[in-house]
Structure formats: C-alpha cells, structure tokens
2 protein chains.
Amino acid sequence: MDRGAVQTASGDKRRSDVPKRAPIQSGLPAYLNIVNTISDRISSGLYPAGSRLPSESQFCHEFAVSPMTLRRALLILADRGLITAEKGRGTFVRSLGLSDSVFTLQQLTGEWANGTTQVRLLSAATAKADAQVAAVLDIPPGERVVYLRRLLLKNDTPAVYQTEYVIFDPRRPLVESQLKLTSLHGLFQSARGERFSRGEVTLSAISLDPETARILDEPPAAPALCLEHIFRDSTGHAVSWGRFLLRSDLFKLKARLGP
Amino acid sequence: MDRGAVQTASGDKRRSDVPKRAPIQSGLPAYLNIVNTISDRISSGLYPAGSRLPSESQFCHEFAVSPMTLRRALLILADRGLITAEKGRGTFVRSLGLSDSVFTLQQLTGEWANGTTQVRLLSAATAKADAQVAAVLDIPPGERVVYLRRLLLKNDTPAVYQTEYVIFDPRRPLVESQLKLTSLHGLFQSARGERFSRGEVTLSAISLDPETARILDEPPAAPALCLEHIFRDSTGHAVSWGRFLLRSDLFKLKARLGP
DNA sequence: CAGTGGTCTAGACCACATG
DNA sequence: ATGTGGTCTAGACCACTGC
C-alpha cells in the first residue's frame with residue numbers, strides 16, 4: 001500500500017483517492033469477523049486443540065488488518081478461554097475443561113425479572129446483633145441491626161426465601177428504601193440503595209430447616225441453593241449480610257463451554 | 001509534539017531524539033496503571049455510581065497516552081462490569097448488583113488440585129443405554145455405552161462422587177485414556193481426551209440418595225452440589241454425560257463484586 | 001540470531017447523541 | 001455543530017523464546 005504520503009497536521013480530508021478498507025462482512029466490525037472466523041476454525045477442528053496458531057503477522061496478512069486490530073481479536077479469544085498466547089513462543093489452542101465453566105446469576109434474574117414475580121416482605125424489625133451477626137458485620141455485639149425477611153413468588157409459588165441483616169444507620173435511611181423493594185429486579189440489580197461498592201457472594205447447597213421448608217412449600221430437609229452475600233460500602237465496612245435460599249427445583253445455573 | 005516528520009518506509013531507528021514514554025509506575029504496562037487508577041477512583045467514591053466519567057480525550061491528556069491505550073483500559077473496566085460506555089453520550093460508572101456475580105469452577109480445582117487428592121475408579125463397564133441415557137446422548141436405546149463411577153478423596157475423606165456415561169466408539173479408544181485418569185487435574189482440566197470442543201454444564205442442589213450418601217460418608221438425604229455435564233465433539237454430537245456430586249460441607253463457590 | 005507476542009503511538013473516519 | 005464513544009491504521013520498540 002503506497003499511501004505513506006505525509007498527512008498534514010490540519011484536517012486533510014481528501015481520502016477519496018485512497019482505497020477504503022476491505023468490505024466488512026455483514027456489517028460487523030473487522031475484529032469481530034476475525035474472532036468469529038478463528039473461532040469457527042477452532043471448533044471445526046481446522047486448528048486442533050493444542051496446536052499453534054499462525055503468527056500474528058501471518059494473520060495480519062490474511063485478514064488485511066493492522067496488528068492492533070488482529071491483536072484485539074486474539075485478546076477476545078484469549079478472554080473467552082479459547083486460546084492462550086505465550087510470549088516468544090506463539091499462540092495455542094486451549095483444550096477446554098470443566099474448570100473453565102463460568103456461572104452467572106444474570107440467567108436467574110433474566111428468567112425471573114418479568115411481571116409474574118412478586119416480592120413479599122414477611123417481616124422487618126430492628127434487633128440487637130447477636131454474636132454471629134456482630135462478627136460478620138464487624139460491629140459490637142448488641143448493636144442495633146435491621147432484620148429483614150422476604151419471600152419471592154413466581155406465579156404464586158414460593159421460590160426464594162431471603163433473610164438479611166442491615167446495619168442500622170440513622171443518618172442514612174437505608175431502611176426506608178429497602179422496605180419499598182417490591183420488585184425482584186430491585187433486589188438483585190442495584191439493591192442496597194446503590195451505595196455499596198464491594199461485596200462477596202458465596203454459593204452452596206444446604207438442607208432446608210423445617211420452618212423455611214414450610215415457607216417455601218417444600219418437604220422438610222429439602223435441598224436448596226444458598227446464596228450468601230455480604231455488601232460493603234466504599235470504605236470496606238460491611239453494610240449488610242444475608243442469604244437467599246433458592247428452591248432447588250426452580251433454580252439451576254447453566255454454563256456453556258467452547259465456541 | 002512536533003514529530004510529524006515523515007517516517008520513511010525503511011526501518012528508521014533514530015528515535016533517541018524523541019521523548020520516551022512517560023515513566024511507568026511499578027513496571028506495569030500503562031493500560032494496567034490506568035485500569036487500577038480509575039478503579040481506585042470508583043471504589044473510593046471519587047467517581048460515584050451512575051456518574052459520567054471524563055471523556056476519553058480528557059483521560060488521554062491526563063494519563064498522557066494515545067487513544068488506543070486509554071481505550072484498552074476502559075474496555076477492561078467495562079469487561080469487569082465497573083463501567084458502561086454509551087456511544088455518543090459518555091462512559092458511566094455502573095452500580096453493581098447481585099446478578100453481576102460470576103462463579104468459576106477454577107477455585108474448586110485450585111484448592112483441590114494439589115497432591116493430597118486422589119481419584120479412585122469405583123467401576124467401569126460397558127452397558128446398553130437405557131431410555132434416559134439414549135435420549136441425552138442422542139443415540140438409539142440399547143446402544144453400547146461405557147459407565148464410569150469415580151470417587152475423589154481429599155485427605156482420605158470422600159469428597160466427590162462422579163458418574164459418567166461415555167459413548168462407546170471402537171475407532172477411538174476413549175476408554176483407555178479415560179480409565180487412566182487418576183488425577184483430579186486430569187478430570188477437570190482437559191479431560192475427555194481433549195477431543196471435545198463444546199459442552200454444557202449445569203449446577204444445582206440435590207439431596208443425596210442413600211447409596212451415594214454412604215459412599216460419600218454423609219448422612220442420608222444430605223444436601224450436595226450437583227454438577228451435570230454434557231461434552232460434545234466438534235460435530236456437536238454428545239460424547240459423554242455425567243455428573244459430579246460435591247459434598248456441600250467441602251465445596252462452596254465464591255464470587256467477588258466490585259473493584 | 002530471527003521470530004513471536006506485548007505494548008504503544010498519533011493520528012484518522014465513522015455513527016451516534018445532544019443542544 | 002459539537003462532542004462522544006467505536007473502530008482502525010501503519011508502523012514502532014521491547015522482552016522473550018528458540019535455534
């Protein structure tokens with residue numbers, strides 16, 4: 001390409017005499033086309049697992065793009081776990097394993113955040129933190145906390161039982177906004193009055209205690225997914241601690257492996 | 001910067017008269033420094049949730065990098081869910097919610113893939129596929145399949161019970177390599193003889209049946225995490241179907257929210 | 001040493017949103 | 001019309017690997 005002409009600093013708009021970029025398939029950006037093409041070649045077996053990909057400069061020639069664009073595509077593929085790049089050696093096709101599974105809670109809210117769900121506040125009261133709550137929230141035992149219990153229903157079927165302890169802060173009326181939460185979206189998406197910036201979430205399997213089983217309309221000791229969460233404010237202090245108990249027959253987390 | 005001089009096509013190496021890039025803090029690449037800086041500003045509240053970030057050109061000035069480098073940093077932050085970019089409007093700080101949690105199985109193998117774990121093959125036999133197996137693997141009922149049962153122990157404590165049905169293909173001696181799997185790493189990382197390229201994984205909570213409970217040394221009907229998997233070859237045909245039952249007291253999935 | 005990936009530049013054009 | 005993010009170029013230097 002002989003277009004190494006000096007480009008004057010002022011806006012030199014005469015580009016019509018310069019060949020435009022290669023036509024983009026189906027309107028997608030070039031880097032996405034490259035991602036799809038290489039991805040297809042991997043899944044079709046053209047680039048077998050463990051093999052070395054053509055070098056970046058080879059790809060640049062083939063796709064007629066600049067190194068940065070090609071590199072962007074490779075970074076995306078690496079991010080998806082399909083390839084790994086090793087400095088000085090080359091880029092290789094990864095063979096996927098179980099441990100590459102990635103589970104998201106988006107799916108849950110995706111299926112559940114429609115109109116047929118409702119949130120029922122079972123109780124809301126202030127209480128004094130017992131030893132366990134105090135330890136998790138990092139406050140002195142006996143400090144006042146707000147104890148919330150909610151039940152989420154889908155088509156009038158109990159599906160999720162939530163309990164939560166929120167630090168009581170008179171300066172910040174968290175409670176009021178918390179109590180008004182009657183939509184599932186609010187609970188999951190940007191709950192906590194969008195004040196927290198950090199958090200930890202733990203997923204495990206538990207056995208329902210008799211009372212919870214009754215509330216969820218399940219047999220005693222039925223299995224359930226337990227989603228325990230701690231939210232923290234910008235200073236790192238815990239703001240709330242609680243857990244969602246998800247009926248095991250209604251909630252599954254799904255992940256896909258590969259291209 | 002007055003270095004708009006024509007760069008001749010031949011390798012013009014005289015760059016010593018040109019100011020080198022700004023010194024990189026702590027040896028990190030520039031884009032990572034930018035990621036960390038902006039991330040810190042978000043978590044410190046300097047850029048509050050929902051607010052608009054400075055424009056890209058402003059950031060370019062502040063960090064003294066080219067647009068591509070700045071953009072790379074923003075893409076990473078967007079990928080982490082901390083910000084969202086809206087074309088023509090600006091880039092905004094996202095407020096995180098529960099549904100942004102991402103769980104990975106890497107943690108599991110990370111903690112478990114050390115020397116003190118062992119894999120014990122309980123049984124391996126060919127059998128005829130019953131209706132359910134045939135349906136999942138998409139083969140005619142009665143077709144021969146390999147039925148595997150494995151027990152994973154950690155410090156001599158039963159931790160995981162796996163059952164798996166593998167399509168019997170005499171042309172491809174999958175079974176032999178399968179049977180030799182005695183390391184946890186092999187089971188999770190690139191198992192399946194690194195032949196499959198696709199798969200689906202489902203995570204749910206179940207209650208252990210009496211026999212499995214006995215094998216796992218748990219009380220009957222104890223809760224457990226169930227990891228069901230289907231692996232497919234490059235043509236999309238199912239190759240194996242099975243599930244891992246993880247003792248609930250030993251396995252939890254953890255996710256972090258925020259910077 | 002040559003080849004590879006990792007990073008970066010200093011611009012450019014485009015599509016889009018807003019006033 | 002202006003400013004924004006989205007994409008792209010045609011090179012460059014560096015660190016690393018392997019022969």
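Each chain gets a letter, A, B and so on, in the order its sequence line appears, and its residues count up from 1.
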task: Indicate whether OP1 or OP2 belonging to dG5(D) is found under 4.0 Å from a side-chain N or O atom of T91(B).
output: yes
field: Residue pairs, two or more places apart or on separate chains, that pass side chain to side chain donor-acceptor pair (under 3.5 Å) and touch residues 77-86 of chain B
entry: E86(B)-R89(B)
- line: The nucleotide from dT4(C), dG6(D), dT7(D) with an atom nearest the side chain of S57(A) is dT4(C)
task: Select from G90(A) and L75(A) the residue whose nearest nucleotide in DNA chain C is closer to the 5' end of that strand.
output: G90(A)
- prompt: Y31(B) side chain N/O closer than 4.0 Å to the phosphate oxygens (OP1, OP2) of dT7(C)?
  reply: yes
Minimum-distance nucleotide to S55(B) side chain [options: dG5(D), dG6(C), dT9(C)]: dG5(D)
query: Does dT9(D) have OP1 or OP2 sitting under 4.0 Å from an N or O in the side chain of T69(A)?
result: yes
field: Pairs where residues 250-259 of chain B contributes a residue and the test salt bridge (Lys or Arg N to Asp or Glu O under 4.0 Å) is met, not counting sequence neighbours
entry: none
- request: Could you check T69(B) against F63(B) for side chain to side chain contact (heavy atoms under 4.5 Å, CB included), going step by step and ending with a plain yes or no?
  value: CA-CA 10 Å; T69(B) 303; F63(B) 296 114; over 6 Å; no
- line: Heavy-atom nearest nucleotide on DNA chain D taken for R52(B) and for L70(A); more 5' hit belongs to R52(B)
Write out a two-atom table: protein N or O, nucleotide N or O from nucleotides 17-19 of chain C, distance below 3.5 Å.
from    : atom 1 : to     : atom 2 : distance (Å)
dT18(C) : OP1    : R89(B) : NH1    : 3.1

query: Counting any heavy atom closer than 4.0 Å, what does R71(A) reach on the DNA or RNA strands: base, sugar-phosphate only, or nothing?
result: base
message: Testing H229(B), E164(B), E228(B) one by one against W241(B) for a side chain to side chain donor-acceptor pair (under 3.5 Å), which residue passes?
response: E228(B)
